[in-house]
Amino acid sequence: MPSPKRFIAGAVCPRCAEMDKITMYTDDADEQIRECIACGFTDGISDIEAPAAPELQTRVNRRKNEDDHTVKQVVFFKGGD
C-alpha cells in the first residue's frame, strides 16, 4: 500500500540544490521514492541488498608483501666538536 507523500525538512535536491522541495513516499512495490517538486528529480531506494562490488585493484593490495619488516636498532654517533 503506497504511503502519503511527506516533505523532508532541510533536505536539498541533488539536481537543482533547492532546499525543502523533496518529498518521500513508499510505492506499491515497497520501494522508497524521493522526489523534488521543483525540478522533477526522482530517486528510488530499495530494501533489496545490492551485490557487493569486488575490491578495486590498487598498488597496495596488488603487490606481494615480501619486504623485511624486522625491527632494527638505530645507533646515533656523536659528531666531533
Side-chain angles (χ1 to χ4, degrees):
M1 178 174 177
S3 66
K5 292 184 178 183
R6 299 176 187 266
F7 280 96
I8 307 300
V12 177
C13 176
R15 184 188 295 166
C16 68
E18 290 284 329
M19 184 180 281
D20 295 333
K21 304 290 184 187
I22 298 286
T23 61
M24 190 148 206
Y25 62 94
T26 304
D27 65 358
D28 291 329
D30 286 335
E31 186 175 2
Q32 290 184 346
I33 308 291
R34 64 179 178 168
E35 180 178 20
C36 178
I37 61 168
C39 70
F41 170 79
T42 58
D43 187 18
I45 302 170
S46 178
D47 288 338
I48 300 171
E49 191 171 316
E55 184 179 7
L56 296 175
Q57 290 293 317
T58 64
R59 64 179 174 83
V60 175
N61 63 7
R62 215 178 343 183
R63 73 180 178 114
K64 292 183 174 53
N65 195 2
E66 296 173 352
D67 296 334
D68 183 16
H69 293 289
T70 57
V71 177
K72 297 181 174 100
Q73 183 177 5
V74 177
V75 179
F76 294 98
F77 295 99
K78 290 186 179 179
D81 290 325

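Because only heavy atoms are used, hydrogens play no part in the values below, and waters and symmetry mates are left out as well, while side chains stay in.
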**Item:** side-chain contact (heavy atoms from CB on, under 4.5 Å) partners for L56, two or more places apart
**Value:** none
**Item:** Residue list, side-chain hydrogen bond (donor to acceptor under 3.5 Å, both in side chains) with D43, at least two apart or on another chain
**Value:**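 Partners of D43 by the side-chain hydrogen bond (donor to acceptor under 3.5 Å, both in side chains) criterion, ordered by chain and then number, come out as R34.
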**Request:** Check side-chain hydrogen bond (donor to acceptor under 3.5 Å, both in side chains) between Q57 and all other residues, then give those that pass, not counting sequence neighbours.
**Result:**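 Q57 satisfies side-chain hydrogen bond (donor to acceptor under 3.5 Å, both in side chains) with no other residue.
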**Asked** So how far is it from I22 CD1 to C16 SG, rounded to the nearest 0.5 Å?
**Response**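 Result: 7.0 Å between the selected atoms.
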**Request:** For the pair T26 (side chain) and S3 (backbone), establish whether a donor and an acceptor sit closer than 3.5 Å, ignoring hydrogens and angles.
**Result:**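 Checking the backbone N and O of S3 against the side chain of T26, no donor-acceptor pair under 3.5 Å is found.
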**Prompt:** Does K78 have any salt bridge (charged side-chain N to carboxylate O under 4.0 Å, His left out) partners at least two apart in sequence or in another chain, and if so, which?
**Reply:**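 If we apply the salt bridge (charged side-chain N to carboxylate O under 4.0 Å, His left out) test to K78, skipping adjacent residues, there are no hits.
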**Item:** Heavy-atom pair of closest approach, residues A38 and E18
**Value:**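 Scanning both residues, the minimum pair turns out to be CB-CG, 4.2 Å.
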Using atom types as modelled, flag every donor-acceptor pair under 3.5 Å from a side chain in residues 4-14 to any protein atom, sequence neighbours excluded.
unit_1, atom_1, unit_2, atom_2, d
K5, NZ, E35, OE1, 3.0

**Message:** Clusters formed by hydrophobic residues whose side-chain heavy atoms approach within less than 4.5 Å: which one holds V75, and what are its other members?
**Reply:**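 Once heavy-atom contacts under 4.5 Å are chained together, V75 belongs with F77.
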